[in-house]
Amino acid sequence: MRTSQYLLATQKETPAEAEIISHQLMLRAGMVRKLASGLYSWLPTGLRVLNKVAAIVRDEMNKAGAIEISMPVVQPGDLWVESGRWDDYGPELLRIKDRHNRDFVLGPTHEEVVTNLVKNEVSSYKQLPLNVYQIQTKFRDEVRPRFGIMRSREFIMKDAYSFHIDAQSLNKTYQQMHQAYCNIFERIGLAYRPVIADSGSIGGAVSHEFHVLADSGEDDIAYSDTSDYAANVELAEAVALGQVKQGSAQLTLVDTPDAKTIQAVSLLLDCDVKQTVKTLIVKADEKSEHELVALILRGDHSLNTIKAEKLAHVASPLQMADETAVKAKLDCGFGSLGPIELKIPIIVDRSAEAVSDFVCGANKESQHFIGANWQRDVKTYEVADIRDVVAGDPSPDGKGKLAITKGIEVGHIFQLGDKYSKAMNCGVLTESGKYDLLQMGCYGVGVTRIVAATIEQNHDKYGIIWPQSIAPFNIVIIPMNMHKSPRVEEVAEKLYKDLCDAGIDVLFDDRKERPGVMFNDMELIGIPYSVVIGERNLDNHQVEIKNRKSGDKALLEVDNLLEYIKNLG
RNA sequence: CGGUGAGUGGCGCAGCUUGGUAGCGCACCUGGUUUGGGUCCAGGGGGUCGUAGGUUCGAAUCCUAUCUCACCGACCA
């Protein structure tokens, strides 16, 4: 490709709207342009990268035995009613009507469509297992699109769906997909980590996310410093800190005027926050005979809402009780609540249970207890894991301590079980002639998000540094004053032709620009190698080749150039 | 949805307080100049000042409404 025939579209200045580095660089390097909130056009440079990512994903999926198909973006609303997600999915699902006033949706994912397809096409166990995938535009009407293409409304996703006669077969394919995903991220050259994850509204039990590690990530990942345990903080198991033991202190009521927070109470009573417990009141599940439930945490810990709303007593989604309701029911406002003599179900975090002689609210305004103990003073309560892990916690697998880092979710795999096959009656005849529902798995890769995540991990003050695997061009030819030097032009044109013939993605910067302009543009775009052809070195029959990442420069004989470049990899 | 801020040429911004010919830098076009790290000079094209209404002789500027966008939060395969 010659720049004179290309849409380079680089910019000197960063548009004010771009917050994170990948967004800024994608705009400056002429990769994408915003059309509206969460909607982006892909310019040639961006599309080249996107296509290379997609090609790697496609290749690894094919190698893993998945088969490519293509399903419609526009899907009938009926299918979503059938699966139950017409009501469950919420406003992120963009619903549209056709001219006959029939309901349709823009597909945010394709479980319904694929299950419907397989239900009609597969009727025997002999056709299983089956793993189909597509690489396609998805639409999710995000509440707040942000960070450019990192969280956009329209994006490209590879989504695969597998179908099985039993859980064992599902598990086997799940492991294959896990490996395929590792292969994908390794081939691209990303620092990533598979983590145990929450399966969310997709449903199912087993689930892993694949995260690219980057400070700008929206998720917190907890990982062991000595084992390969890693989990989303949403889900990471928080083990009890210490043994449950009976304290010896006497239960004493103390006045704590104006001390409404844990910090204020511990300051006033001159005790460690770790010696206090806090009481949070949430709404109970509709099926419960109670209206409210008390959740108790050690003073320095925070509530994990995902863990809490999975508890039988607790309403899902989690709703904090409002203070008027709490006052009406418990005769005490926030700030002085505690587990002793509390008239509603009590769920105590493991680590809160391990505190003895603790400080807690007395359920009387401006009063707290000191020297409280669970068995002696509270008696009836349940214990559960309801807190967020914090850095330094023991790893749940018993090996090492947890550290916490930020990650960008670029892949997510699930074992769905029969959630969709059951709702949509998708089954086959088994070997014994019995009709059985299928077990399903689903596997997603955010293709567009990988592009942004790669930039987050690979950039410097001059711009993007593409790994060779997904670079828009593998190499760029930068001639010095070609319009004045027939000699430079001759060498550049010949090299360009040779590289094209060799099947290498080469960009030839044939603009009549000053050298500095070309150097800056090509470094911004992040092309891994540049060949600088100038009179200066041609006197010795040499050209210079520069590595974008290391900055290393080498002088090469013109005659050896092609072989050298072919071997760069 | 709550909070904060912003809408003036493709991009970055000034002008608004105190109403009176719409400006600067980048980018773009022409000519010259320069040429191994974003040269310099001269000339030039392009803007219903987000939209609608109001006040006024006169509105980018004041008032009202509305739309859009960004950031923080809530939310989120």
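What you are looking at is a predicted structure, and each value in this text was computed from that prediction instead of being measured. Basis for what follows: all heavy atoms, side chains included, without hydrogens, waters or symmetry-related copies. Every chain is numbered from 1 and lettered A, B, ... according to where its sequence line falls, protein lines coming before strand lines.
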How long is the line joining [atom1] of [X] and [atom2] of [N], in whole Å?
{"X": "A:Met26", "N": "B:C11", "atom1": "CE", "atom2": "P", "answer": "18 Å"}
{"X": "A:Asp521", "N": "B:A27", "atom1": "CG", "atom2": "C1'", "answer": "12 Å"}
{"X": "A:Lys12", "N": "B:G10", "atom1": "NZ", "atom2": "C1'", "answer": "15 Å"}
{"X": "A:Gln542", "N": "B:G36", "atom1": "CD", "atom2": "P", "answer": "18 Å"}
{"X": "A:Lys512", "N": "B:U33", "atom1": "NZ", "atom2": "C1'", "answer": "11 Å"}
{"X": "A:Ile478", "N": "B:G38", "atom1": "CD1", "atom2": "P", "answer": "14 Å"}
{"X": "A:His412", "N": "B:C76", "atom1": "NE2", "atom2": "C1'", "answer": "13 Å"}
{"X": "A:His483", "N": "B:G36", "atom1": "NE2", "atom2": "P", "answer": "11 Å"}

Between [X] and [Y], does any side-chain N to carboxylate O distance fall below 4.0 Å?
{"X": "A:Asp385", "Y": "A:Lys307", "value": "yes"}
{"X": "A:Glu544", "Y": "A:Arg536", "value": "no"}
{"X": "A:Glu523", "Y": "A:Lys546", "value": "yes"}
{"X": "A:Asp103", "Y": "A:Arg95", "value": "no"}
{"X": "A:Glu493", "Y": "A:Arg2", "value": "yes"}

[atom1] atoms of [N] and [M], separation to the nearest Å:
{"N": "B:U55", "M": "B:G47", "atom1": "P", "result": "29 Å"}
{"N": "B:A70", "M": "B:G12", "atom1": "C1'", "result": "15 Å"}
{"N": "B:A22", "M": "B:U8", "atom1": "C1'", "result": "8 Å"}
{"N": "B:U17", "M": "B:U64", "atom1": "P", "result": "15 Å"}
{"N": "B:G46", "M": "B:C26", "atom1": "C1'", "result": "15 Å"}
{"N": "B:A60", "M": "B:C76", "atom1": "C1'", "result": "40 Å"}
{"N": "B:G23", "M": "B:G43", "atom1": "P", "result": "16 Å"}
{"N": "B:G7", "M": "B:U66", "atom1": "C1'", "result": "14 Å"}

Nucleic acid contacts - residues 532-541 of chain A versus RNA chain B, non-hydrogen atoms under 4.0 Å: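 Of all residues in residues 532-541 of chain A, the ones placing a heavy atom under 4.0 Å from RNA chain B are A:Val532, A:Gly534, A:Arg536, A:Asn537.
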Which nucleotide, in any strand shown, forms a Watson-Crick or G-U wobble pair with [N], with both distances under 3.5 Å?
{"N": "B:C57", "result": "B:G20"}
{"N": "B:U33", "result": "none"}
{"N": "B:G25", "result": "B:C11"}
{"N": "B:G5", "result": "B:C69"}
{"N": "B:G46", "result": "none"}
{"N": "B:U39", "result": "none"}
{"N": "B:U64", "result": "B:A52"}

Sequence neighbours excluded, which residues qualify as ring pair (Phe, Tyr, Trp, His ring centres under 6.0 Å) partners of [X]?
{"X": "A:Phe147", "value": "none"}
{"X": "A:His459", "value": "none"}
{"X": "A:Phe508", "value": "A:Tyr496"}
{"X": "A:Tyr174", "value": "A:His208"}

Partner set under salt bridge (charged side-chain N to carboxylate O under 4.0 Å, His left out) for A:Asp285, not counting sequence neighbours: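 Salt bridge (charged side-chain N to carboxylate O under 4.0 Å, His left out) list for A:Asp285, sorted by chain: empty.
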With sequence neighbours excluded, residues passing salt bridge (charged side-chain N to carboxylate O under 4.0 Å, His left out) with A:Glu154: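 In terms of salt bridge (charged side-chain N to carboxylate O under 4.0 Å, His left out), with neighbours along the sequence ignored, A:Glu154 is linked to no residue.
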Examine the base of B:G25 for any acceptor or donor lying under 3.5 Å from a partner atom in the side chain of A:Glu13, and report the outcome as yes or no.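 A donor-acceptor contact between them is present.
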Kindly say whether, by distance alone, the side chain of A:Gln11 makes a donor-acceptor pair under 3.5 Å with the base of B:G10?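 A donor-acceptor contact between them is absent.
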Decide whether [X] and [Y] meet the rule of one side-chain donor and one side-chain acceptor closer than 3.5 Å.
{"X": "A:Asp159", "Y": "A:Gln136", "value": "no"}
{"X": "A:Tyr192", "Y": "A:Glu186", "value": "yes"}
{"X": "A:Glu234", "Y": "A:Asn304", "value": "no"}

With sugar-phosphate meaning primed atoms plus P, OP1 and OP2, does A:Met157 contact a base, only sugar-phosphate, or nothing at under 4.0 Å between heavy atoms?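 If one applies the 4.0 Å heavy-atom cut-off, A:Met157 turns out to touch a base.
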Just to be sure I understand the rule, does A:Lys138 reach a base, reach only the sugar-phosphate, or reach nothing, if contact means heavy atoms closer than 4.0 Å?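 If one applies the 4.0 Å heavy-atom cut-off, A:Lys138 turns out to touch nothing in the nucleic acid.
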Show every donor-acceptor pair shorter than 3.5 Å between a side-chain atom in residues 34-46 of chain A and any protein atom, with sequence neighbours excluded, or say none if there are none.
{"residue": "A:Lys34", "atom": "NZ", "partner": "A:Glu17", "partner atom": "OE1", "Å": "3.3"}
{"residue": "A:Tyr40", "atom": "OH", "partner": "A:His23", "partner atom": "NE2", "Å": "3.4"}
{"residue": "A:Thr45", "atom": "OG1", "partner": "A:Tyr6", "partner atom": "OH", "Å": "2.9"}

Protein heavy-atom contacts under 4.0 Å, written 5' to 3' over nucleotides 67-75 of chain B as B (base), S (sugar-phosphate only) or - (none), form the string --SSBB-BB
I'd like to check the side chain to side chain contact (heavy atoms under 4.5 Å, CB included) partners of A:Asn116; sequence neighbours left out, ordered by chain and number.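 In terms of side chain to side chain contact (heavy atoms under 4.5 Å, CB included), with neighbours along the sequence ignored, A:Asn116 is linked to A:Leu79, A:Asn120, A:Met424.
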Atom pairs under 3.5 Å, N or O on each side, protein against nucleotides 39-48 of chain B: can you list them with distances?
{"residue": "B:U39", "atom": "OP2", "partner": "A:Arg514", "partner atom": "NE", "Å": "2.8"}

What does the list of N/O pairs under 3.5 Å between the protein and nucleotides 6-9 of chain B look like, with a distance for each?
none

Among B:G36, B:G37, B:C26, which nucleotide has an atom closest to any side-chain atom of A:Glu544?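 Closest of the options to the side chain of A:Glu544: B:G36.
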